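Single-structure report; data block below.
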Amino acid sequence: MARSYRGIRPKQHHVYNFAQMFQLYGITRNTGTNWQKAGLRVVDDGHPLLVTGAELTRFHTERKFTGHQPLKTGQFICRRCGTRVYPDIETVSVPELGRPERFVRGVCPDCTGTVLKLVSRTTCEAILACQNSNTPLRSLDEDDSPSPGGIGTHTEVTCITWTPDNERVLYLYLKFLGQFHEHTVDAIMATIRKFESFHKGKRFDRLKPDDVSAWRDHILKRGSPGSPMALSRSTVRHHASHMKQFLEWLVKQDGYRRLNASLGDYVKLPKGQSAALLQPQPDPYPTAQEATAMVKAMPADDRVQRRDRAIVATAFLTGLRAGSLASIRFGDIDPTEKAVRVDARFIRAKNGKSQETVWFPVGPVFEDIVTDWLKELEALGARADDALFPPNGALVSRLRMTRQLGQPIACWKTEDGIGRAFSIACEAAGVQPYTPHSARHFLVALGNEICRTEEHREAWSKNLGHSKRQITVSHYAKMTLNEHKSVMARLRLGDIETEDEKDLLLAFHEHRLVRGSQEFEMAQRIHIARLTRFEKSSKDG
């Protein structure tokens with residue numbers, strides 16, 4: 001069977017042992033050994049054998065046959081797996097032909113496919129000489145030496161040679177990071193690689209406080225407004241946090257305990273110097289009018305457009321994150337109960353947490369769009385384990401959804417389609433660009449307006465998937481500077497009443513309070529104060 005590694009992308013900043021490499025590529029131990037012979041460089045000769053993600057990328061990129069670079073003397077092209085290979089000399093056969101040129105056959109060491117090459121008489125004699133002396137074909141290419149792999153932030157591998165001791169300890173650190181989400185691990189490793197590159201691969205066991213503080217000053221400088229290749233406030237904070245966590249772990253490891261125990265403290269950002277840099281800015285989110293305009297303005301002429309519109313409507317209706325929206329299935333949403341079940345075994349949920357979310361009261365427009373989409377999928381033969389938002393290829397058929405050999409229609413592996421739907425919605429409505437996560441901020445702001453008791457606010461926060469209401473308060477729908485000024489102006493005028501005071505005032509006007517009671521007297525004072533403010537504002541106006 002043909003083997004293709006085109007869709008396999010090792011993580012550039014990670015370190016893999018050979019067992020992980022076998023699993024990633026779906027290969028056997030023999031293939032891994034053949035890769036070593038073909039030029040895959042391991043970190044060192046220690047156990048277990050380790051290889052960096054950058055080296056795996058370099059190795060497969062160089063072996064990929066593009067037609068632009070001629071084959072070397074002992075090299076063959078395998079049309080089956082599309083790579084440049086050196087067949088084992090025992091598998092090479094040279095037919096006895098009297099012509100000046102002849103075909104040489106061999107077996108690909110990766111996929112066991114047959115390789116064929118038309119060679120000259122001189123090359124044929126060289127191959128026969130290798131067979132007689134049992135010498136590998138690679139020996140025919142004296143200049144065949146692998147280019148150094150290394151560490152870097154781009155797909156193209158840099159020429160910085162790795163430091164074996166660093167790779168060993170990073171391999172252990174990756175095991176420690178197994179408790180975190182995959183994206184968090186990727187971000188942490190990218191930070192460490194940037195630190196390592198800044199110090200030109202210096203061994204971690206030789207780090208000094210000056211090294212750490214120099215890197216801290218470097219990222220602070222890059223975070224300054226107007227600096228070339230400027231970093232965002234969030235990136236600077238995360239770089240410092242990731243590196244501090246790594247250094248605090250590092251000084252506790254065998255062989256690194258002689259390092260300064262407070263090494264991680266030297267990466268802390270100075271409060272005075274970085275106060276302006278690190279001032280958090282509230283994330284933008286649409287108003288109720290903008291959210292409604294977004295789903296109403298989206299085109300719905302074909303099935304793909306209706307799917308994108310349903311994506312945006314579902315985001316506002318359920319508050320699901322982009323990863324959950326991309327992986328949600330048809331059977332996970334219940335229009336009768338007006339609820340969606342997030343099963344972390346099948347849906348990409350934050351921290352692997354399952355939950356059940358009831359639709360938020362955002363209006364019939366959003367509910368109608370989602371309900372209509374569910375009915376359309378049902379008419380197309382959707383099953384419970386099919387994707388709620390199928391890829392374009394599954395929606396091309398006029399009568400039924402296209403599926404492979406009766407298999408469930410797979411969900412998206414990335415969140416790109418969710419972000420693309422929001423971009424279409426914002427452009428159609430003529431509003432500023434909003435991210436899928438802005439729907440959650442919108443829902444928190446909506447809850448702040450309509451929730452009247454602590455019980456309401458607690459239920460609203462739980463419906464967003466937050467275990468504590470403090471998370472909702474701390475991270476979502478933060479007050480902008482204009483809102484801050486407006487509230488302070490109203491406080492100066494005494495023009496702000498609590499929800500309880502509003503309820504009390506409503507009961508007073510509806511004559512539901514007993515005259516002479518404490519509630520009646522309090523409501524009367526609130527009513528008189530409101531009339532006084534109204535009269536004052538009328539005179540000033």
Side-chain angles (χ1 to χ4, degrees), residues 11-14 54 151-155 158 160 166 170 173-174 176-177 179-202 204 207-251 259-260 262-285 321-322 350-351 415 419 432-438 440-441 471 473-481 484:
K11 297 181 183 296
Q12 296 293 294
H13 307 306
H14 285 222
I151 54 176
T153 59
H154 306 291
T155 302
T158 67
I160 301 176
N166 288 0
L170 287 178
Y173 191 54
L174 278 167
F176 172 77
L177 293 178
Q179 57 186 305
F180 298 106
H181 190 274
E182 178 185 1
H183 293 171
T184 303
V185 175
D186 294 344
I188 292 172
M189 291 302 297
T191 296
I192 297 173
R193 292 303 192 184
K194 287 181 172 66
F195 177 89
E196 192 178 15
S197 180
F198 177 77
H199 289 296
K200 297 180 173 56
K202 184 174 182 177
F204 292 146
L207 289 177
K208 304 294 182 184
D210 287 345
D211 299 324
V212 181
S213 61
W215 185 76
R216 175 199 63 203
D217 296 340
H218 168 67
I219 62 172
L220 275 174
K221 184 177 180 181
R222 286 193 58 188
S224 302
S227 65
M229 300 177 65
L231 300 176
S232 68
R233 298 177 179 87
S234 176
T235 301
V236 172
R237 287 200 304 273
H238 281 91
H239 278 342
S241 175
H242 294 335
M243 204 62 213
K244 182 177 184 297
Q245 175 182 287
F246 170 65
L247 293 173
E248 289 176 345
W249 173 87
L250 182 68
V251 297
L259 291 172
N260 191 321
S262 61
L263 204 61
D265 294 334
Y266 287 87
V267 80
K268 287 182 178 178
L269 301 174
K271 294 181 180 179
Q273 183 179 355
S274 60
L277 170 69
L278 303 179
Q279 184 64 34
Q281 298 295 320
D283 294 321
Y285 57 88
R321 293 177 174 86
K350 186 174 182 180
N351 298 327
E415 295 85 45
Q432 72 175 80
Y434 292 115
T435 66
H437 205 72
S438 67
R440 291 176 63 81
H441 289 275
I471 298 174
V473 175
S474 301
H475 300 287
Y476 287 88
K478 294 181 179 179
M479 183 176 290
T480 65
L481 180 59
H484 168 216

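Numbers here are sequence positions counted from 1. These numbers come from a predicted model, not from an experiment.
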Taking the ring of Y173 and the ring of F176, is the distance between their centroids below 6.0 Å? yes
Check whether any side-chain heavy atom of [X] sits under 4.5 Å from a side-chain heavy atom of [Y], and report yes or no.
{"X": "P436", "Y": "E415", "value": "no"}
{"X": "H239", "Y": "K194", "value": "yes"}
{"X": "N260", "Y": "V212", "value": "no"}
{"X": "Q245", "Y": "L177", "value": "yes"}

If you compare all heavy atoms of [X] against all heavy atoms of [Y], which two are closest, and at what distance to 0.1 Å?
{"X": "K202", "Y": "N166", "answer": "O-ND2, 3.0 Å"}
{"X": "H181", "Y": "H183", "answer": "ND1-N, 3.0 Å"}
{"X": "L259", "Y": "L207", "answer": "CD2-O, 3.4 Å"}
{"X": "K244", "Y": "G264", "answer": "CG-O, 3.5 Å"}

Any residue meeting ring-ring contact (aromatic ring centres under 6.0 Å, His included) with [X], in chain and number order, not counting sequence neighbours:
{"X": "H238", "answer": "H242"}
{"X": "Y266", "answer": "none"}
{"X": "Y434", "answer": "none"}

Set out, in order, the CA-CA distance, both residues' side-chain angles and the distance that settles side chain to side chain contact (heavy atoms under 4.5 Å, CB included) for T235 and R222, then state yes or no. CA-CA 10 Å; T235 301; R222 286 193 58 188; over 6 Å; no
Backbone of K208 reached by a side-chain donor or acceptor of D211 within 3.5 Å: yes
Donor-acceptor pair, side chain of S213 and main chain of P209, under 3.5 angstrom: yes
Walk me through whether F204 and L170 qualify under side chain to side chain contact (heavy atoms under 4.5 Å, CB included). CA-CA 10 Å; F204 292 146; L170 287 178; 4.0 Å; yes
Please lay out, stage by stage, how K11 and D186 fare under the test side chain to side chain contact (heavy atoms under 4.5 Å, CB included). CA-CA 8 Å; K11 297 181 183 296; D186 294 344; 3.1 Å; yes
Using the six-membered ring wherever Trp is involved, compare the ring planes of W215 and F195 and label them parallel, tilted or perpendicular (cut-offs 30° and 60°). perpendicular
If you round to the nearest 0.5 Å, how far is OG1 of T191 from NE2 of H13? 9.0 Å
Atom pair CG (L247) and OG (S262), whose distance is rounded to the nearest 0.5 Å: 10.5 Å
